[in-house]
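All residue numbers refer to positions in the sequence shown, counting from 1. Predicted model only: the values in this text are computed from it and were never measured.
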Amino acid sequence: MTDLGATDTLIEARSLSIRRRGQQILSNVDVSVRRGEIVTLIGPNGAGKTTLVRALLGLAIADQGVTARQSGIRIGYVPQNLNIDRTLPLTVRRFLCLTGRRPAKELAGVLDRVGAEHLIDTPFQALSGGEAKRVMLARALLNQPDLLVLDEPAANIDVGGQAAFYDLIQTIRDQTGCGILIVSHDLHLVMAATDRVVCLNGHVCCSGKPDSVSRDPEYLALFGDGMAGRLAVYPHHHDHDHDLAGSTVHTHDG
């Protein structure tokens with residue numbers, strides 16, 4: 001892992017190749033995330049997305065190529081799922097303090113930022129999918145990360161809740177200037193909330209702005225021509241909001 005020095009790039013891989021047990025997982029992959037940028041890494045199961053992220057975070061060793069990141073970079077990670085023993089007496093407050101005690105004002109502030117302040121004394125196991133994701137995001141934000149990594153952020157959230165969560169991700173980027181790396185195979189809403197898409201299937205099939213990637217022949221070959229219309233890239237404008245469970249709350253009369 002090398003130091004990127006004085007640059008807007010927070011983390012990157014150059015010509016990265018990884019083999020495991022005789023199988024080529026990644027081949028000649030280039031990817032980077034800059035400060036203030038939302039990058040979505042998409043690809044089918046087995047495409048090497050998890051291996052690439054592990055290499056970027058210094059948790060997997062590459063056979064060839066270079067990974068680099070800013071010296072002293074703070075990284076926040078939001079997992080796809082978090083399995084907690086349902087018999088464990090763990091409130092949201094205690095969950096946020098698992099790595100160390102935090103002032104009550106700080107906890108309230110970070111939960112308020114993600115729209116979940118009222119959940120602070122709720123048992124973590126009682127949270128809905130959308131609520132749990134927001135609480136996990138709050139925990140990732142506690143250390144004021146330069147880079148947020150979100151693994152399948154739409155998992156276990158209904159469609160309305162997904163739209164609200166991706167809106168929240170964009171708001172956090174706008175407010176903090178952090179870089180965000182999203183790992184997903186859910187393209188519909190992710191692409192609308194993304195600055196740059198990297199399509200991976202062992203190698204980088206295509207990358208660029210969401211609208212150009214959605215029309216790229218390699219993207220269409222990987223996901224099927226039928227995805228082109230269904231996954232149209234569109235801005236998420238509406239006259240309503242979504243609560244934590246994804247229910248519609250109208251903001252003005254039509």
Side-chain angles (χ1 to χ4, degrees), residues 1-18 26-43 47-62 64-79 109-110 113-114 136-153 165-184 187 189-200 203-214 216 219 233 235-236:
M1 183 72 70
T2 60
D3 183 1
L4 283 167
T7 173
D8 283 341
T9 301
L10 294 169
I11 197 165
E12 71 175 1
R14 299 189 297 271
S15 303
L16 194 76
S17 295
I18 296 178
L26 296 172
S27 181
N28 200 36
V29 170
D30 293 333
V31 67
S32 65
V33 182
R34 296 188 296 270
R35 194 175 301 277
E37 180 182 38
I38 300 178
V39 175
T40 296
L41 181 64
I42 64 173
K49 301 188 298 294
T50 298
T51 300
L52 175 56
V53 171
R54 286 177 56 81
L56 286 168
L57 299 181
L59 302 175
I61 299 174
Q64 295 180 353
V66 176
T67 55
R69 60 184 177 188
Q70 287 281 353
S71 177
I73 186 174
R74 296 185 301 273
I75 299 175
Y77 178 70
V78 180
V110 75
R113 174 179 281 187
V114 301
M136 287 190 283
L137 179 58
R139 187 182 181 198
L141 292 173
L142 277 172
N143 291 324
Q144 301 178 332
D146 304 295
L147 174 68
L148 267 176
V149 180
L150 299 101
D151 186 6
E152 299 286 359
F165 194 77
Y166 287 125
D167 284 347
L168 175 60
I169 291 170
Q170 289 180 303
T171 298
I172 288 170
R173 184 274 307 272
D174 295 342
Q175 291 176 344
T176 68
C178 69
I180 297 177
L181 175 62
I182 299 174
V183 182
S184 184
L187 313 182
L189 290 170
V190 176
M191 290 180 75
T194 297
D195 298 311
R196 187 158 50 93
V197 176
V198 178
C199 184
L200 187 73
H203 66 284
V204 175
C205 302
C206 53
S207 65
K209 297 287 187 182
D211 56 347
S212 65
V213 168
S214 68
D216 190 284
Y219 167 82
V233 179
H236 186 63

| message | Any heavy-atom pair between the side chains of Leu52 and Leu200 that's under 4.5 Å? | response | yes
| query | Taking side chain as C-beta onward, heavy atoms only, is Arg54 less than 4.5 Å from Thr50? | reply | yes
| request: In sequence, state the C-alpha distance, the side-chain angles, and the governing distance for Thr7 and Gln70, and then conclude on side-chain contact (heavy atoms from CB on, under 4.5 Å). | output: CA-CA 8 Å; Thr7 173; Gln70 287 281 353; 3.3 Å; yes
| Heavy-atom pair of closest approach, residues Gln175 and Arg113 | OE1-NE, 4.1 Å
| query | Stepwise, does the side-chain contact (heavy atoms from CB on, under 4.5 Å) test hold for Leu10 with Ile75? | reply | CA-CA 10 Å; Leu10 294 169; Ile75 299 175; over 6 Å; no
| Between CD1 of Ile11 and CD1 of Ile73, what distance do you get to the nearest 0.5 Å? | 5.5 Å
| Shortest non-hydrogen contact from Thr194 toward Ile38 | CG2-O, 3.5 Å
| query | Does the side chain of Leu56 reach to within under 4.5 Å of the side chain of Leu181, using non-hydrogen atoms? | reply | yes
| message | Restricting to non-hydrogen atoms, name the atom on Ala193 and the atom on Gln170 that form the minimum distance, rounded to 0.1 Å. | response | CA-NE2, 3.5 Å
| remark: Tightest non-hydrogen contact, residues Ala138 and Val114, listed as CB-CG2, 3.9 Å
| Rounded to the nearest 0.5 Å, how far does CG of Asn143 lie from CZ of Arg74? | 8.0 Å
| said: I need the minimum non-hydrogen distance between Ala62 and Ile18, along with the two atoms involved. | reply: CA-CG1, 3.7 Å
| Does the side chain of Leu137 reach to within under 4.5 Å of the side chain of Leu148, using non-hydrogen atoms? | yes
| request: Kindly indicate whether the side chain of Pro153, heavy atoms from C-beta on, has any atom under 4.5 Å from the side chain of Ile182. | output: yes
| message | So Arg69 and Asp146, do their side chains get closer than 4.5 Å, heavy atoms only? | response | no
| said: Could you tell me if the side chain of Tyr219 sits less than 4.5 Å from the side chain of Cys205, heavy atoms only? | reply: no
| Between Arg34 and Asp195, is the closest basic N to carboxylate O distance under 4.0 Å? | no
| query | Once you round to the nearest 0.5 Å, how far does CG of Asp216 lie from NZ of Lys209? | reply | 15.5 Å
| request: Dump the intermediate steps for side-chain contact (heavy atoms from CB on, under 4.5 Å) on Val39 and Val198, then the final yes or no. | output: CA-CA 7 Å; Val39 175; Val198 178; 4.1 Å; yes
| Roughly how far, to the nearest 0.5 Å, is NE2 of His203 from CG of Leu16? | 14.5 Å
| task | Give the minimum heavy-atom separation between Thr9 and Ser32, together with the two atoms involved. | result | CG2-CB, 4.1 Å
| query | Nearest 0.5 Å, what's the CG-OG1 distance between Leu57 and Thr67? | reply | 9.5 Å
| Mind checking whether Ser15 and Asn28 have side chains closer than 4.5 Å, heavy atoms only? | yes
| field | Atom pair NZ/SG of Lys49 and Cys199 - distance to nearest 0.5 Å | value | 9.5 Å
| Leu59, CG atom: more than 12 neighbouring heavy atoms under 6.0 Å | yes
